[in-house]
Structure formats: C-alpha cells, structure tokens
Amino acid sequence: MSARRFLELLAREASAVEFEGPIIEARAAGADAATIEELEQAKVEALRVRALLRRRARREAELSALYDTAGDLAALRDLDAVLEAIVHRARQLLATDIAYMTLHDPERSDTYMRVTDGSISAKFRAVRLPMGAGLGGLVAQTAVPYATADYFADARFRHKDDIDEAVKEEGLVAILGVPLRLGQRVIGVLMAANRSARPFHQEEVALLASLAAHAAVAIDNARLLQETRNALEELSQAHRKVREHGEAVERAAMAHDRMTSLVLRGGGIEDVAAVVTDVLGGSLAVLDDAGRPISGDVGELDAGVFEAAQASRALGRTVRRADLLIASVDVGGEPLCTLILRSDDADEHILERAALVCALLLLFRRSVAEAEGRVRGELLDDLITRPGSPGLADRARRLGVDLGAPYVVVVLRHGGQRERAAFWASSQATVRQGLAAGRGDEVVLLLPGDAAGTVAQRAAAELTASLHTPATAGACHVPAGPREAGNVAAAYQEARRCAEALIALGRTGGGASAAELGFVGLLVGDGRDVRGFVGRVLGAVIDYDARRGTALIATLAAYFGTGGSPSRTAEAMHIHVNTVTQRLDRIGRLLGDGWLEPERALEIQLALRLHRLGHTSTPETVGPEPI
C-alpha cells in the first residue's frame with residue numbers, strides 16, 4: 001500500500017514535501033516502528049526516482065532546445081532571429097532572470113552588447129566591455145567559462161565603474177559566462193544572470209557552452225553566407241557591366257558606321273546630329289569654335305556650359321552638367337566644335353564619337369575654305385597690285401565672281417588673330433560670291449553691292465564680334481560696267497584711307513565710306529564729289545532759296561563771316577537784326593539740331609565756301625524779303 005501511494009505521487013509529479021504525507025498519516029494511525037521504517041525507505045527510493053525523472057526531463061528539454069537550435073541554423077534566414085532564439089532558450093533552460101550575448105569589436109578591441117533577453121536597463125544594453133574588464137571581458141580575454149554567485153563580491157576580474165553601474169542598474173547578482181569560439185578565436189560571450197545569489201552547476205555551464213557553440217556556428221555561417229551573397233552580387237554586377245559594355249560597344253559601333261556612311265555620302269553636321277538624336281534621343285546642339293550654333297537648339301546656355309566645354313577639351317571626354325552632356329574637341333589648343341546633348345541618360349561614348357566626326361567635317365570644310373580662300377586672295381591681290389594682268393576676268397569667272405557687277409571694296413584694320421580674321425574674311429567672300437585677302441594687320445574684301453557705307457559698318461561689326469577686339473572698316477564703291485585697269489586698286493587705296501581716317505578720328509570699331517566722313521571724305525576720297533558734299537550739307541537751304549527766292553545762304557555766309565554775331569550780320573547785309581534772327585531760325589529748322597556744334601559748323605562753312613566757288617554771287621536784297 002505504501003509503494004502505491006509513492007507511485008501516485010511520482011505519477012502526478014508531486015513536490016518533495018508531499019512525499020512526507022504517507023509517513024505522517026501512518027504515525028497518526030499508530031503504525032508500529034517497522035512500518036514507519038519501511039515507509040521511510042520507500043520515501044527515499046521514491047525521491048531518488050523523482051530526482052532521476054526530473055534530471056531526465058531537464059536533459060530532454062536541453063536536447064530539445066539544442067535540436068531546435070540546430071534546426072534554426074539549418075534553416076538560417078535571419079542571423080538576428082537565430083541569436084535571439086539562442087539567448088531566449090538559454091534564459092529558459094537555466095531558469096535565469098536574464099540572458100545576453102556580447103560580440104567582439106576588432107576595431108575597438110572590446111565587446112559590445114549584441115542580443116539581450118529579459119533586460120530592463122537601457123544603460124546595461126548599451127554597455128561595452130573592454131578585454132579583461134567585468135566578467136564578460138574576462139571570459140572574452142581568457143576564452144574560459146566563468147561563474148560568480150555574487151558579482152560585486154567577486155575579485156577575480158577587474159571592476160570598472162561604468163560596467164558596475166550598468167550591472168547595478170540591471171540588478172544582477174549571479175552571472176555565468178561562456179565564450180563563443182571559432183577555432184582558437186573568441187568572437188564573443190554568451191551569459192546568463194540572476195538578480196539574486198545562486199550557484200551555477202557544471203551541467204548548466206555545459207548547457208550554456210553548447211548553446212554558445214551553436215551561436216558561434218550561426219554567426220560564422222551568417223558571415224560565410226553574406227560573403228557568398230556579396231561574391232554573387234559582385235559577379236552579377238560584373239556580368240551586368242560586361243553585358244552593358246558589350247551592348248554599348250555594339251551600339252556605338254553601329255552609330256559610328258552610320259555617321260561614317262553619312263560623311264562618305266557627302267552628309268553634313270546636321271545629318272550627323274540627326275543620327276545622334278535618333279540613337280540617343282533628347283535634343284542636340286552643335287556649336288562652332290566661337291560658341292555659335294551650327295545645328296540644333298538646346299535653349300539658352302549659361303557661362304557654366306562653356307566652362308564645362310573647356311573642361312571636356314582638357315579631359316578629352318564628355319562632361320555632364322545637370323541634364324546636359326557636353327563633348328568638345330579642339331585642335332592645337334583652339335576649340336573646334338562642341339556638342340551639347342540634353343538628355344537624362346545617354347551613352348557618352350557615342351556623343352564623343354559624334355564630336356570627333358563633326359570636328360573632322362569642320363576641319364575638312366576649313367581646309368576647303370582655306371584652299372579656295374588662297375585662290376580668291378591671290379586674285380584680289382592681283383587686282384590690287386597688278387590690275388593690268390591678263391586673264392583676271394576669267395579667273396574671277398571660274399570662282400563665280402562677275403567683275404562687271406557693282407562691287408564694294410572694304411579694308412578692315414584689326415589687332416586680333418590674323419588666322420581667325422583671314423578665315424572670317426574667306427568665309428564672307430565664299431558665302432557672298434566675292435573675294436578676300438589678308439594683308440598684314442588688315443583684311444580686304446571685294447563684295448557685291450553699292451551701299452559702301454552700310455557694307456563697311458556691317459563688316460566692322462561682324463569681324464569685331466568674331467575677334468572680340470575692335471575692327472575698323474573703310475569702304476569704296478566700284479560701280480558696274482567694264483572693269484578698267486586700276487579700278488579695284490584705286491578703290492582699295494580710298495577704302496584704306498577711310499579706315500585710317502576713322503582710326504585718326506577716334507572712331508575705332510566703326511565703318512564708313514568717304515561719303516559718311518563728311519568734309520574729311522573730300523580729303524581721302526579719290527572722286528572728290530564736291531557737289532555731293534555741298535548737297536548733303538546745305539541742300540535743304542539751297543533748295544529753299546531756289547523755291548522761295550530767299551537769301552538764307554547769303555545770310556548764313558554773312559553770319560559765319562562776322563563771327564556768329566546777328567547784329568554785325570544785319571549791318572553787313574543792311575537788314576534789321578530781327579530779320580537776321582528770323583532767318584537763322586529758319587536755317588536751324590532746315591539744317592536740324594546741332595548745326596552750330598563745332599564739327600557740324602566747320603562742315604557748313606566749308607560747304608558754303610565750295611558753294612560760292614561754284615556759283616556767281618547772289619545780289620543781296622536791301623529791303624524786306626521772304627524768310
């Protein structure tokens with residue numbers, strides 16, 4: 001009967017105190033000593049069986065935990081989740097208040113808190129343990145498990161204030177730590193701790209060490225897995241780059257073939273630009289050496305774009321600025337052409353090849369223009385220096401120049417680059433079916449037209465813009481008709497004198513013919529068009545006198561002859577001073593504002609003298625006359 005009672009207690013996993021119940025009941029019932037002795041022996045055996053069952057149950061739980069941990073490692077997906085599971089199981093199996101794991105930091109040569117389970121202190125979760133400091137630091141340094149039943153009373157390890165404060169804030173007393181080892185290297189520490197004093201048995205140390213071994217494997221597997229993933233990603237990226245590079249090379253080769261074919265068929269820069277936009281998309285502009293558009297339009301360009309173009313020439317590759325790709329080519333340090341592509345993403349190599357093709361086209365055009373320019377320049381030189389040479393008209397005709405048409409000879413003085421000025425002049429001559437020649441610091445143009453002054457002004461403005469330095473132009477008109485020997489040479493000399501006169505008058509950067517130079521034109525012009533000069537200066541007053549029968553010219557001559565005094569003018573002409581004043585007002589309205597300014601007054605006086613030399617004196621009227 002006694003054995004059955006103890007078996008029932010064992011079956012329902014009763015506490016050790018309950019095993020005293022059968023003995024107490026037997027004594028209360030008056031059982032003899034032999035019965036009591038038998039019950040005592042049965043109780044001892046039952047408690048032994050109970051302890052054995054509890055050890056086996058605990059071992060089963062430990063094995064189950066290790067099995068689950070191994071399963072987690074086999075299906076490793078997230079290292080953090082695996083480490084958290086290991087720490088949580090360590091806390092459960094050892095029945096501690098807290099469990100945590102620290103890992104080694106090779107850069108700082110200490111350990112830091114990696115995972116905690118049951119922690120309530122933020123300071124404890126952020127604590128770092130130098131090697132040899134605190135129980136965890138000692139385990140990390142020696143690679144040997146350590147346990148203490150009372151942390152603050154244990155002198156086997158070095159205490160540090162910040163570590164002790166964190167342990168005290170967490171309320172820990174008993175701590176067990178085992179190393180996380182990979183071979184001979186310690187990568188961290190797994191620890192379990194209580195907030196009350198308790199010893200840690202050898203079985204508990206062994207269990208925690210087993211869990212630590214699994215944790216070390218998990219960490220190493222995660223490292224290897226990450227390295228494998230990184231290697232695969234690098235291989236994938238390398239493969240992708242190789243594929244993209246191959247595609248880019250193939251695309252660039254196709255674009256190059258298309259551009260080359262266009263050039264061979266006589267295509268121009270506009271055709272090359274069309275290929276680029278067809279292949280790359282976006283919008284493309286091609287600029288010449290001066291930054292002027294040759295083809296396309298990408299909107300207003302700021303100074304930063306031209307700085308990027310300069311950087312592109314220096315680096316020899318495409319430069320990106322915002323959504324613009326800029327490729328620029330130079331020759332001998334001088335810019336030749338710049339391609340500007342507005343696109344978010346495009347193959348820079350294709351743009352660079354297109355820039356080279358455009359540069360070759362421009363060089364070819366420049367070579368052709370220079371060759372033609374030499375021919376045109378030699379013809380113009382002969383017209384100026386050897387006007388009677390035979391075959392000049394035939395040579396001009398082969399160049400598309402009709403020497404029998406009206407022409408304007410323009411001489412431009414400049415202080416800029418001679419090559420650039422000569423290239424500009426050659427381009428002008430080619431475009432406008434004329435001739436051009438460079439002669440030292442001047443260029444000479446023979447252009448179709450008859451408005452010499454207008455042609456000179458336009459030529460001066462355009463060459464000034466091209467050279468970025470003032471260019472002064474003098475011009476002379478060569479009328480239509482049979483070209484006599486010396487006509488162009490004489491016009492050249494007059495145009496040259498006009499340019500020199502403009503510079504002497506301080507009008508550098510302007511353009512004019514003798515007609516626009518006023519009385520100075522009489523000095524420099526070969527035609528000496530006195531009648532034209534007098535007409536331009538005094539024509540309105542002369543015509544008024546002719547229509548009205550007035551004496552405004554005579555009054556004007558008397559006015560200047562008396563030093564500009566109305567009273568002395570009235571005395572000289574025997575008229576009233578009011579009449580003089582009224583006549584001068586009329587003259588002012590006819591000549592316009594500023595007629596008494598020194599330079600204008602000088603022209604008027606010279607015209608008056610020339611007018612008097614060409615006409616008989618007009619009788620002066622003594623009495624009143626129309627004004």
Side-chain angles (χ1 to χ4, degrees), residues 70-85 103-107 114 180 182-183 185 187-188 214-263 271-286 298 305 308-309 311-329 338-360:
D72 290 339
L73 293 178
L76 179 63
R77 293 293 181 272
D78 183 2
L79 177 63
D80 289 338
V82 174
L83 296 182
E84 288 172 1
L103 294 182
H104 179 59
D105 186 348
E107 293 184 359
R114 180 67 168 80
L180 300 173
L182 283 176
R185 184 165 56 94
I187 63 171
H214 282 296
V217 171
I219 293 171
D220 195 45
N221 285 347
R223 177 184 62 81
L224 294 174
L225 180 61
Q226 187 59 47
E227 290 178 355
T228 302
R229 287 173 177 168
N230 292 341
L232 289 174
E233 179 62 26
E234 290 177 0
L235 287 174
S236 177
Q237 290 181 359
H239 175 69
R240 185 165 56 252
K241 287 182 179 179
V242 169
R243 186 178 65 252
E244 291 174 353
H245 179 70
E247 293 173 351
V249 169
E250 183 178 357
R251 189 166 59 250
M254 291 177 61
H256 184 76
D257 290 343
R258 288 181 61 183
M259 289 185 283
T260 303
S261 177
L262 275 174
V263 172
D271 301 309
V272 174
V275 170
V276 174
T277 52
D278 181 52
V279 174
L280 300 181
S283 57
L284 178 72
V286 183
V298 289
V305 172
S312 173
R313 293 192 295 273
L315 298 173
R317 59 178 177 82
T318 301
V319 173
R320 177 175 287 278
R321 178 179 174 83
D323 63 338
L324 297 179
L325 285 174
I326 302 164
S328 190
V329 180
T338 300
L339 271 63
I340 303 174
L341 178 68
R342 188 179 297 278
S343 175
D344 295 331
D345 184 23
D347 191 329
E348 299 179 0
H349 299 294
I350 293 179
L351 188 65
E352 291 166 3
R353 292 193 181 196
L356 289 175
V357 172
C358 289
L360 291 173

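Computation of the quantities below employed the complete heavy-atom set of this structure, encompassing side-chain atoms and omitting hydrogens, waters and symmetry-equivalent molecules. Numbers here simply count residues along the sequence, with the first being 1. These numbers were taken from a predicted model, which means no experiment stands behind them.
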In Å and rounded to the nearest 0.5 Å, what is the [atom1] to [atom2] distance from [X] to [Y]?
{"X": "Asp105", "Y": "Ile187", "atom1": "CG", "atom2": "CD1", "answer": "13.0 Å"}
{"X": "Ser283", "Y": "Leu341", "atom1": "OG", "atom2": "CG", "answer": "7.0 Å"}
{"X": "Ile326", "Y": "Thr338", "atom1": "CD1", "atom2": "OG1", "answer": "8.5 Å"}
{"X": "Arg114", "Y": "Glu84", "atom1": "CZ", "atom2": "CD", "answer": "8.0 Å"}
{"X": "Arg342", "Y": "Leu325", "atom1": "CZ", "atom2": "CG", "answer": "11.0 Å"}

Please name the pair of heavy atoms, one in [X] and one in [Y], separated by the smallest distance, quoted to 0.1 Å.
{"X": "Ala327", "Y": "Thr318", "result": "CB-OG1, 3.9 Å"}
{"X": "Leu339", "Y": "Ala355", "result": "CD2-N, 3.6 Å"}
{"X": "Ala215", "Y": "Leu180", "result": "CB-CD2, 3.8 Å"}

side-chain contact (heavy atoms from CB on, under 4.5 Å) partners of [X], counting only residues at least two apart:
{"X": "Arg353", "result": "Ala252, His256, Met259"}
{"X": "Leu315", "result": "Arg317, Val319"}
{"X": "Glu234", "result": "none"}

Within a strict 4.5 Å, meaning less than it, do heavy atoms of the Ile219 and Leu103 side chains meet?
yes
Test side chain to side chain contact (heavy atoms under 4.5 Å, CB included) applied to Asn230 and Glu233, step by step:
CA-CA 5 Å; Asn230 292 341; Glu233 179 62 26; 5.6 Å; no
Who pairs with [X] by side chain to side chain donor-acceptor pair (under 3.5 Å), at least two apart in sequence or on another chain?
{"X": "Glu107", "result": "none"}
{"X": "Ser312", "result": "none"}
{"X": "Arg321", "result": "none"}

